[in-house]
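Note sheet for the following structure.
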Amino acid sequence: HLYVPYADGTIQIAGIRRRTLRFSFPASVELEGLMMRGEFAYPKSSSLATRVRHALWLAATDWAPFRTIHHMDPIIAEALARRRPGLAGRVRLIADPVEAFTPTTREAARATLGIPVTGRYIGCVGFQDTRKGIDYLINAFLAAKRLPGDRLLLAGGQERPIKALLASGAAAQAVAEGAIIQLARYISDQELMLGIAAMDVVATPYPPDRAHVGSSSIVIHAANQARPVIGSNSGWVGTTINRFGLGRTCDVLDQATFSRAIEQALDEAPAYTPPEAASRFVQFHRPENFTAGFCRRLRERLNLTQPQGLREWSWVMQAALPVPAQT
């Protein structure tokens, strides 16, 4: 039983080689892999070249001699099964594992990080880059109507354009005044979770005009700590936030709309209570559920019982909320 933990490209190459009779592997060995990509489910172009490229990628995936193909993004997993019926019984949605975090107060988390303990915080943790839309977040925060003590926390290393933005104009002034707090360095897993605990609202813009495809562990971390999220109304982020009641979404490309959404999110944060859908979403993404899902087929082959408490995605979706049409 052979696992390929990051199988993007490998699956498609194996599929093409198998189709052209250039793939050789012992029949007794079963292949299983985890894919992370799926650009075809988030098309940014309808050109003939793009459609042909996506069709070939899908066909190669279908031809591949992998009995089980895992994916962490339900949008891509559903699209794979819909576009290539031969994949319907082979594609399995699997957790994006996020460790549990011992609950702590916002004030305690802020004190541990060495940042001001008072005021309202919105922010993002992890590498701060334009792909995540951190430039949109900074500009929308600066344009929002803010109360004294409202702060933007940016915790993590910074891409050069973000550094430049924060070093000039209104952003530089906000940094000097303490309205924008930077932890502009590599942050540990513990600091990442403390950063989320320190916030009233977690921001995950992930604009649709950038290259992000698939899930975002920051959204899962925020749900894990019952912190409301504000994010793009498109893609995995928009669908997930709306489907499981994790916060609010907006058109992050429209600065005025994004700024108003930030104001509303900060005002509403004290009353945020995660619904049942959010609780199930968090339970699905526990590391032990990832392990159970990844080892499921192997346990079947070894005639071992499945671990108790295995959470299926269908169980999560039973509590899902209606999702508004994306724009």
Side-chain angles (χ1 to χ4, degrees), residues 1-43 50-99 211-217 220 235-236 240 281 283-317:
H1 198 97
L2 177 62
Y3 282 99
V4 183
Y6 190 91
D8 295 276
T10 301
I11 286 179
Q12 289 73 38
I13 292 170
I16 292 171
R17 292 183 66 88
R18 185 188 189 197
R19 190 70 171 183
T20 56
L21 305 178
R22 292 182 296 127
F23 182 88
S24 177
F25 214 75
S28 61
V29 178
E30 198 168 292
L31 287 166
E32 185 166 356
L34 169 63
M35 289 202 319
M36 307 291 289
R37 301 178 184 238
E39 179 187 305
F40 78 98
Y42 298 87
T50 298
R51 294 199 305 271
V52 170
R53 179 163 53 84
H54 289 168
L56 288 173
W57 186 92
L58 283 162
T61 304
D62 196 0
W63 297 334
F66 280 69
R67 186 190 185 281
T68 305
I69 300 174
H70 299 281
H71 211 293
M72 293 177 172
D73 184 341
I75 294 175
I76 296 174
E78 292 164 8
L80 280 167
R82 184 174 62 252
R83 294 278 295 272
R84 299 292 298 198
L87 289 170
R90 297 159 56 198
V91 175
R92 288 182 177 174
L93 195 73
I94 196 168
D96 186 348
V98 167
E99 295 282 352
H212 179 75
V213 170
S215 65
S216 164
S217 63
I220 305 171
W236 182 92
T240 300
F281 176 77
Q283 291 179 60
F284 177 80
H285 288 291
R286 291 277 187 248
E288 58 269 24
N289 205 50
F290 170 84
T291 302
F294 209 41
C295 297
R296 181 175 177 178
R297 173 56 186 161
L298 182 56
R299 295 181 73 90
E300 288 175 356
R301 294 191 72 192
L302 295 173
N303 293 317
L304 299 175
T305 57
Q306 298 298 334
Q308 292 184 346
L310 173 63
R311 301 300 190 183
E312 301 281 5
W313 185 246
S314 58
W315 172 78
V316 182
M317 288 298 295

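Side chains included, hydrogens not; waters and symmetry mates left out as well; all remaining heavy atoms used. Sequential numbering from 1 along the given sequence is applied to the chain's residues.
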Discussion item. If you compare all heavy atoms of V98 against all heavy atoms of P287, which two are closest, and at what distance to 0.1 Å?
Written reply: O-CD, 3.2 Å
Worksheet entry | Minimal non-hydrogen separation, G38 against W57, with atom names | CA-CH2, 4.2 Å
Worksheet item: Any side-chain heavy atom of M35 sitting closer than 4.5 Å to one from I11?
Response: yes
Worksheet item: Does the side chain of S217 reach to within under 4.5 Å of the side chain of H285, using non-hydrogen atoms?
Response: no
Fill in: Under 3.5 Å: donor-acceptor pair, side chain of Q12, backbone of G9
yes
Worksheet item: Atom CG of L34 and atom CD1 of I69: how far apart are they, to the nearest 0.5 Å?
Response: 10.5 Å
Discussion item. Keeping R18 on the side-chain end and W63 on the backbone end, is there a donor-acceptor pair under 3.5 Å?
Written reply: yes
Worksheet item: What's the shortest heavy-atom distance between A292 and L310, and which atoms?
Response: CB-CD1, 3.5 Å
Worksheet entry | More than 12 heavy atoms of other groups within 6.0 Å of Q306 CD | yes
Worksheet item: Taking atom CD1 of I76 and atom NE2 of H71, what is their separation to the nearest 0.5 Å?
Response: 4.0 Å
Worksheet item: How are the rings of F281 and W313 set to each other: parallel, tilted or perpendicular (split at 30° and 60°)?
Response: perpendicular
Practice prompt. Could you check whether the rings of F40 and H54 sit parallel, tilted or perpendicular, using 30° and 60° as the cut-offs?
Written response: perpendicular
Discussion item. For R297, is there an ion pair with E32 - N to carboxylate O distance below 4.0 angstrom?
Written reply: no
Worksheet, complete the sentence: OG1 of T61 to CZ of R83, rounded to nearest 0.5 Å, is 11.0 Å
Discussion item. Using a 3.5 Å distance criterion without hydrogens, assess whether the side chain of R90 forms a donor-acceptor pair with backbone atoms of D62.
Written reply: yes
Discussion item. How long is the straight-line distance from CZ of F66 back to CG of L2, given to the nearest 0.5 Å?
Written reply: 7.0 Å
Discussion item. Can you give me the closest heavy-atom contact between A81 and A88, atom names plus distance?
Written reply: CB-CA, 3.7 Å
Worksheet item: So, R92 side chain and H70 main chain: donor-acceptor pair closer than 3.5 Å or not?
Response: no
Fill in: Heavy-atom closest pair, residues S215 and D96
OG-OD2, 3.1 Å
Practice prompt. Could you grab the distance from atom CE of M72 to atom CD1 of I94, nearest 0.5 Å is fine?
Written response: 6.0 Å
Worksheet item: Out of curiosity, L80 CG to D73 CG, how far, rounded to the nearest 0.5 Å?
Response: 9.5 Å
Practice prompt. Identify the two heavy atoms, one from L93 and one from A77, that lie closest to each other, and give their separation to 0.1 Å.
Written response: CD1-CB, 4.0 Å
Worksheet item: Tell me, do R311 and R286 make a side-chain contact under 4.5 Å, heavy atoms counted?
Response: no
Fill in: Criterion side-chain hydrogen bond (donor to acceptor under 3.5 Å, both in side chains) on R37 and Y42, from CA distance to verdict
CA-CA 10 Å; R37 301 178 184 238; Y42 298 87; over 6 Å; no
